[in-house]
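By convention here, the first residue in the shown sequence is residue 1.
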Amino acid sequence: MTSDNRIGPPHFGSERDMLRAFLDYHRATLAMKCEGLSDEELRQQSMPPSTLSLLGLVRHMAEVERAWFRRVFEDHDAPMVWSDRIDFQAAYDASASTRAEAFSAWEAEVENSRRVERAAESLDQAGYQARWGEKVSLRMVMVHVLLEYGRHNGHADFLREGVDGTVGA
């Protein structure tokens, strides 16, 4: 990694501002973990039989963003990006993917998620999580996606170390 351009979350602020800032921080962390690597390095897998790679994580987080913002609040039938059924694991196999393809999809989903969040009147806005058959709040969605990034950024540390021996930030 060549630089750390992430903006740290504020120490004080509203609940919404804090959730928004922490999500953006973790999104930037994933991008930073991928910085400076070739497509081949981004596709480097952790260890058999896992197909997990940094590029796979980017693809997976595009699916997570889509599933939790687009599908819950806008279009319950929006297709997954890399699967014709609800299969989050399909995105992990990035063996034929490129940085341009994966990052383009991920960045588009992040922008859509930000738009959905900004348009909501409050964190209590309800959406419908079809897989659970229940309504969920924007607050719950933001916390859930934040936890997804936190967990997967831990994987990204491990994967980046496997590529070039760097220590996680």
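Considering all non-hydrogen atoms of both residues, Val72 and Ala67 come closest at CG2-O, 3.4 Å. Across all non-hydrogen atoms, the minimal contact from Ala94 to Gly56 is CB-N, 3.7 Å. Minimum interatomic distance between Ala102 and Val58 (heavy atoms only, all atoms of both residues): O-CG1, 3.8 Å. Considering every non-hydrogen atom in both Ala96 and Arg43, the closest pair reads N-CD, 4.5 Å.
Listed by chain and residue number, Arg151 satisfy the salt bridge (Lys or Arg N to Asp or Glu O under 4.0 Å) test with Glu148 (two or more places apart in sequence, or in another chain). For Glu101, the side-chain contact (heavy atoms from CB on, under 4.5 Å) criterion is met by Arg59, Trp82, Ser97, Thr98, not counting sequence neighbours. Applying the side-chain contact (heavy atoms from CB on, under 4.5 Å) rule to Asn5 yields the partners Ser3; only residues at least two apart in sequence or on another chain are considered. Every residue two or more places apart in sequence or in another chain that forms a side chain to side chain donor-acceptor pair (under 3.5 Å) with Arg114 is listed here: Asp24, Glu111. Scored by the side-chain contact (heavy atoms from CB on, under 4.5 Å) test, Pro10 finds Met18, Ala21 as partners (sequence neighbours excluded). When the side-chain contact (heavy atoms from CB on, under 4.5 Å) test is applied to Ser95, the partners found at least two apart in sequence or on another chain are Asp93. Residues satisfying the ring-ring contact (aromatic ring centres under 6.0 Å, His included) criterion with Tyr25, sequence neighbours excluded, are absent altogether. For Phe103, the ring-ring contact (aromatic ring centres under 6.0 Å, His included) criterion is met by Trp106, not counting sequence neighbours. Remark: His152 engages His60, His155 in a ring-ring contact (aromatic ring centres under 6.0 Å, His included) (not counting sequence neighbours).
Within the model, atoms CZ of Phe22 and CE of Met142 stand 12.0 Å from one another, a figure rounded to the nearest 0.5 Å. The CG atom of Leu146 lies 5.5 Å from the NE2 atom of His26; values are rounded to the nearest 0.5 Å. Interatomic distance, Glu35 CD to Asp4 CG, rounded to the nearest 0.5 Å: 8.5 Å. Here Asn153 contributes atom CG and Met61 contributes atom CE; the two are 7.5 Å apart, rounded to the nearest 0.5 Å. In this structure, Glu41 CD and Cys34 SG are separated by 11.0 Å, a value rounded to the nearest 0.5 Å. Of the inter-residue distances, the one linking Glu134 atom CD with Gln129 atom CD reads 9.0 Å to the nearest 0.5 angstrom.
For residues 117-147, the set of pairs meeting the ring-ring contact (aromatic ring centres under 6.0 Å, His included) definition, not counting sequence neighbours, comprises Trp68-Trp132, Trp68-His144, His76-Tyr128. Under the ring-ring contact (aromatic ring centres under 6.0 Å, His included) criterion, no residue pair touches residues 29-53, with sequence neighbours excluded.
Looking at Ser113 and Glu65, their side chains do bring a donor and an acceptor atom within 3.5 Å of each other.
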Yes or no on side-chain contact (heavy atoms from CB on, under 4.5 Å) for Leu138 and Arg16, after CA distance, side-chain angles and deciding distance?
CA-CA 10 Å; Leu138 176 61; Arg16 191 170 194 160; 3.9 Å; yes

Take Glu74 and Asn112 through the side-chain contact (heavy atoms from CB on, under 4.5 Å) test and state the conclusion after the steps.
CA-CA 10 Å; Glu74 293 184 329; Asn112 186 70; 3.5 Å; yes

Test Glu63 against Arg70 for salt bridge (Lys or Arg N to Asp or Glu O under 4.0 Å), laying out the working first.
CA-CA 10 Å; Glu63 296 286 27; Arg70 186 182 303 266; over 6 Å; no

Could you walk me through whether Asp39 and Leu55 pass the side-chain contact (heavy atoms from CB on, under 4.5 Å) check?
CA-CA 8 Å; Asp39 284 5; Leu55 208 52; 5.6 Å; no

The test is side-chain contact (heavy atoms from CB on, under 4.5 Å); show your working for Thr29 and Tyr149 and say whether it passes.
CA-CA 9 Å; Thr29 297; Tyr149 273 103; over 6 Å; no

Please tabulate, for side-chain N and O atoms in residues 120-127, each donor-acceptor pair with protein atoms closer than 3.5 Å (sequence neighbours left out).
| unit_1 | atom_1 | unit_2 | atom_2 | d |
| --- | --- | --- | --- | --- |
| Ser122 | OG | Asp124 | N | 3.0 |
| Asp124 | OD1 | Arg139 | NH1 | 2.6 |

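Looking at heavy atoms from C-beta onward, Ser38 lies out of side-chain contact with Arg99 at the 4.5 angstrom threshold.
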